[in-house]
Number of protein chains: 2
Amino acid sequence: MSRAEDIMNVANHFILERGYSAFSYADIAGEIGIQKASIHYHFPSKANLVQSVVGRYRQEVKSNLAMLDGMEGEPQEKLEQYLNYWETCLEVKALDICLCALLASEIPILPEEVRSEIKAHFQELTDWFTKLLQESKTPLQYTASNVSHEEMAHGILAGIHGGMLAARTFNDVGQFRMIKHQLLQQISKVTADQ
Amino acid sequence: MSRAEDIMNVANHFILERGYSAFSYADIAGEIGIQKASIHYHFPSKANLVQSVVGRYRQEVKSNLAMLDGMEGEPQEKLEQYLNYWETCLEVKALDICLCALLASEIPILPEEVRSEIKAHFQELTDWFTKLLQESKTPLQYTASNVSHEEMAHGILAGIHGGMLAARTFNDVGQFRMIKHQLLQQISKVTADQ
DNA sequence: GTCTATAGCCCGATAGAC
DNA sequence: GTCTATCGGGCTATAGAC
């Protein structure tokens with residue numbers, strides 16, 4: 001693995017732990033065992049480093065969503081897989097939430113390059129949720145309640161982000177599982193006994 | 001208004017804008033027109049200052065919830081009023097979200113005094129939502145979907161927090177309004193034509 | 001590519017005059 | 001209560017040797 005990738009991996013970890021403004025080149029250098037100046041050789045500025053880390057994260061998410069798109073299965077099952085993915089991440093380490101959700105709270109002080117990456121990521125996820133919901137051939141619970149596909153997609157994104165923050169705050173994945181269950185019920189099929 | 005209150009007001013503003021680690025005594029001093037040392041006279045440490053600001057915020061929320069408790073009206077109407085309150089805050093200024101929701105993303109690096117205030121606030125809000133939902137005499141939409149009162153309460157909190165972050169990220173209250181509508185539909189009464 | 005050294009600035013916090 | 005002055009440390013970023 002290249003040194004640049006080492007740096008991005010460690011940076012990713014420290015951003016999740018401390019946020020944009022509270023992690024430093026010194027943190028990364030100390031963890032890898034190099035000097036701060038060496039990081040500047042690979043990533044000239046902090047804005048550049050974080051943009052690279054977020055860009056890499058976005059690519060990873062995109063390829064995961066494309067993989068789900070290529071699979072058999074109903075739309076709700078794909079959404080469930082996405083939720084399961086994050087549940088597993090939180091089980092391994094409560095710190096491990098969506099990089100963009102974490103950085104979003106620092107929006108006003110982020111460099112513009114990073115801010116636009118975060119917005120684009122949220123937009124992509126919402127579009128993906130919306131497309132999935134539209135693809136469903138049978139009516140889902142929320143459609144009976146005067147909630148549009150787009151509103152539900154935004155509701156899913158907000159629920160996931162809020163649930164991640166709650167799980168992290170209490171160091172308890174159960175907080176996320178409750179949101180997951182509630183969201184999955186909303187997008188479940190309407191059946192006769194309901 | 002006392003000097004200590006001035007300081008807390010300005011601190012509140014800068015925390016919402018920059019978060020815990022990126023706001024400074026110098027920011028506050030500059031805004032008010034005093035010296036950094038004067039702030040240390042009123043609030044010995046940064047942890048102490050932020051705990052005071054969060055404590056004051058929690059008191060304010062508590063008294064608002066108590067006011068809603070004392071009013072006539074169905075449980076859903078009280079929840080709607082709470083959502084309307086935040087919608088108005090966001091309309092005035094997209095920065096103005098829940099202080100604890102904002103600080104929650106910095107949980108791992110916050111001083112323990114602040115961390116426990118945030119947890120306690122989330123717990124109080126969730127308890128209030130749960131109590132309201134239990135009080136409803138008629139079945140609500142979510143109860144038809146195998147979602148418990150407690151799960152719905154957590155879903156409301158997560159939705160509000162995620163919605164606030166989205167509205168702030170895009171500087172667009174519409175992002176919050178969609179969540180509000182979706183949540184209100186879930187807690188609306190089950191009627192014959194649905 | 002990595003190092004040492006350092007510039008230039010910001011930080012929280014304290015001492016002590018007034 | 002507010003000030004000036006300062007301590008000891010952090011930060012991003014750069015210059016230049018190797």
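Lettering of chains follows the sequences in order, A, B, ..., and the numbering in each one begins at 1. We use all heavy atoms of the structure for the numbers below, so side chains are in, but hydrogens, waters and symmetry mates are not.
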Side chains of Lys131(B) and His149(B) in contact at under 4.5 Å (non-hydrogen atoms):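 Result no, sub-4.5 Å side-chain heavy-atom pair not found.
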Taking the six-membered ring of Phe129(B) as reference, does the cationic atom of Lys78(B) (NZ for Lys, CZ for Arg) lie under 6.0 Å from its centre and within 45° of its axis? no
Less than 6.0 angstrom from the centroid, inside 45 degrees of the normal: does Lys46(A) satisfy that with respect to the ring of Tyr20(A)?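 Yes; both conditions hold, so Lys46(A) lies above the ring face of Tyr20(A).
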So CZ of Phe43(A) and CD1 of Ile7(A): to nearest 0.5 Å the spacing works out to 5.5 Å
Mind running salt bridge (Lys or Arg N to Asp or Glu O under 4.0 Å) on Arg18(B) and Glu106(A) for me, showing each step along the way? CA-CA 6 Å; Arg18(B) 312 182 186 178; Glu106(A) 292 183 89; over 6 Å; no
Considering only residues two or more places apart or on different chains, which pairs with a residue in residues 150-188 of chain B satisfy ring pair (Phe, Tyr, Trp, His ring centres under 6.0 Å)?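 Listed once each, the pairs are Phe122(B)-His161(B).
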Range on DNA chain D touched by chain A - first to last nucleotide, heavy-atom distance under 4.0 Å: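 Extent of the interface on DNA chain D: dC11(D) to dA15(D).
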Walk me through it: do Tyr57(B) and His121(B) pass the test ring-ring contact (aromatic ring centres under 6.0 Å, His included)? CA-CA 10 Å; Tyr57(B) 170 75; His121(B) 177 71; 5.4 Å; yes
Just the atom pairs and distances: protein N or O near nucleotides 12-14 of chain C's N or O, under 3.5 Å.
residue : atom : partner  : partner atom : Å
dG12(C) : OP1  : Phe23(B) : O            : 3.3
dG12(C) : OP1  : Lys46(B) : NZ           : 3.2
dG12(C) : OP2  : Tyr25(B) : N            : 3.0
dG12(C) : N7   : Lys36(B) : NZ           : 3.4
dA13(C) : OP2  : Lys46(B) : N            : 2.8
dA13(C) : N7   : His40(B) : NE2          : 3.2

